[in-house]
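Beneath this line is the structure, given in structure tokens, with notes to follow.
Count residues from 1 along the sequence.
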Amino acid sequence: MALTAVLAFGGWGLWRALSPAPPATLSPDAARDLRAERAELEQLRQRVTTLSRSDQISREANRDLQGTLSERDEEIAGLRADVAFYERLVGSTAQRRGLAVHALRVQPQNGGAWHFTSTLTQNLNRGAVSAGRLTVVLEGTRGGKLQKLSWDDLRQQPNSPGLAYSFKYFQQVEGDVFLPAGVTPVRLTVRLTPQSGAAVEQSFTWAEATREGNGATAVE
């Protein structure tokens, strides 16, 4: 019983010692020091808030800068690829090549449509115009069976004319094709039928043609 009383009295004394004294009991000097400490504490809180906001702004600015730099790097890489392409095609040391399908890019559209962009080239007969028609054939699977879709199938109309092309050095020919439901594409073949001369074909895998960037490029 006596031990309990001693512990209770000691706890009360400790609470009194650690508890802040009521303002009415503070001396003028102690009250002034308390006000100064409170003012300093408030300044520190404001400074922490300001620094935190500044750090957030810096992080956001850094992310924006990194994004801009990444876009510029991609733009520079694209320009370098274009320069290399033009040098191979019309440069003084360019290897002479006849009519060819240099690249193919395919992008999804609404309603099961796919938009394709095909880059055609030739520098064998410089200054001469290459003209003709372009068609596309698709190989894929449906129900576990191989299937080949003609240009008429992909355009969903019988006797569909090919897309016209006419250029001296290169041209991008664009069009839309429609894939029937349930068909899993595997390969695309671009066929060029010139006004004179033999037809030219170039095949691209669907995975390469639909990848981000410039799509598939023909392997030389």
Side-chain angles (χ1 to χ4, degrees), residues 51-140 154 162-179 184-192 194 200-220:
L51 291 175
S52 177
R53 178 57 180 163
S54 177
D55 178 66
Q56 181 181 357
I57 293 174
S58 297
R59 289 176 181 271
E60 292 175 354
N62 185 60
R63 284 196 297 269
D64 292 342
L65 177 60
Q66 292 297 327
T68 300
L69 291 176
S70 178
E71 292 176 358
R72 293 295 178 270
D73 288 343
E74 293 180 1
E75 183 178 357
I76 291 172
L79 291 174
R80 286 175 175 170
D82 289 343
V83 170
F85 168 71
Y86 295 136
E87 286 181 345
R88 289 197 304 270
L89 190 63
V90 298
S92 59
T93 60
Q95 184 176 358
R96 298 295 182 90
R97 295 182 181 276
L99 181 63
V101 184
H102 174 74
L104 178 67
R105 183 182 185 187
V106 181
Q107 297 173 294
Q109 307 293 308
N110 296 327
W114 291 82
H115 185 78
F116 70 87
T117 303
S118 180
T119 303
L120 313 182
T121 62
Q122 83 84 25
N123 65 352
L124 183 61
N125 297 318
R126 297 194 175 189
V129 175
S130 295
R133 294 278 176 175
L134 176 151
T135 57
V136 177
V137 174
L138 182 139
E139 299 173 50
L154 295 175
L163 302 177
Y165 66 83
S166 180
F167 65 95
K168 288 185 177 181
Y169 294 106
F170 73 94
Q171 181 182 1
Q172 286 190 328
V173 179
E174 303 183 36
D176 294 315
V177 294
F178 300 85
L179 269 62
T184 300
V186 175
R187 184 181 301 276
L188 283 166
T189 299
V190 180
R191 179 180 176 86
L192 305 179
V200 175
E201 292 186 352
Q202 178 67 50
S203 296
F204 304 85
T205 66
W206 183 261
E208 292 172 339
T210 55
R211 69 186 177 187
E212 292 190 8
N214 294 325
T217 301
V219 177
E220 298 181 358

Any heavy-atom pair between the side chains of [Y] and [X] that's under 4.5 Å?
X: V106; Y: L104; value: yes
X: V190; Y: L188; value: no
X: W206; Y: L138; value: yes
X: F167; Y: L99; value: yes

All salt bridge (Lys or Arg N to Asp or Glu O under 4.0 Å) counterparts of R133, not counting sequence neighbours: none

Contacts of type salt bridge (Lys or Arg N to Asp or Glu O under 4.0 Å), residue R63, not counting sequence neighbours: none

Over all heavy atoms of both residues, which pair between [X] and [Y] is shortest? Give the atoms and the distance, please.
X: H102; Y: F204; value: O-CE2, 4.5 Å
X: G162; Y: T135; value: CA-CG2, 3.7 Å
X: S166; Y: V129; value: OG-CG1, 3.3 Å

If the condition is side chain to side chain donor-acceptor pair (under 3.5 Å), which residues does [X] pass it with, not counting sequence neighbours?
X: T189; result: S203
X: R53; result: Q56
X: E174; result: H115
X: Q109; result: none

dist S130:OG -> K168:NZ (nearest 0.5 Å) comes out at 11.0 Å

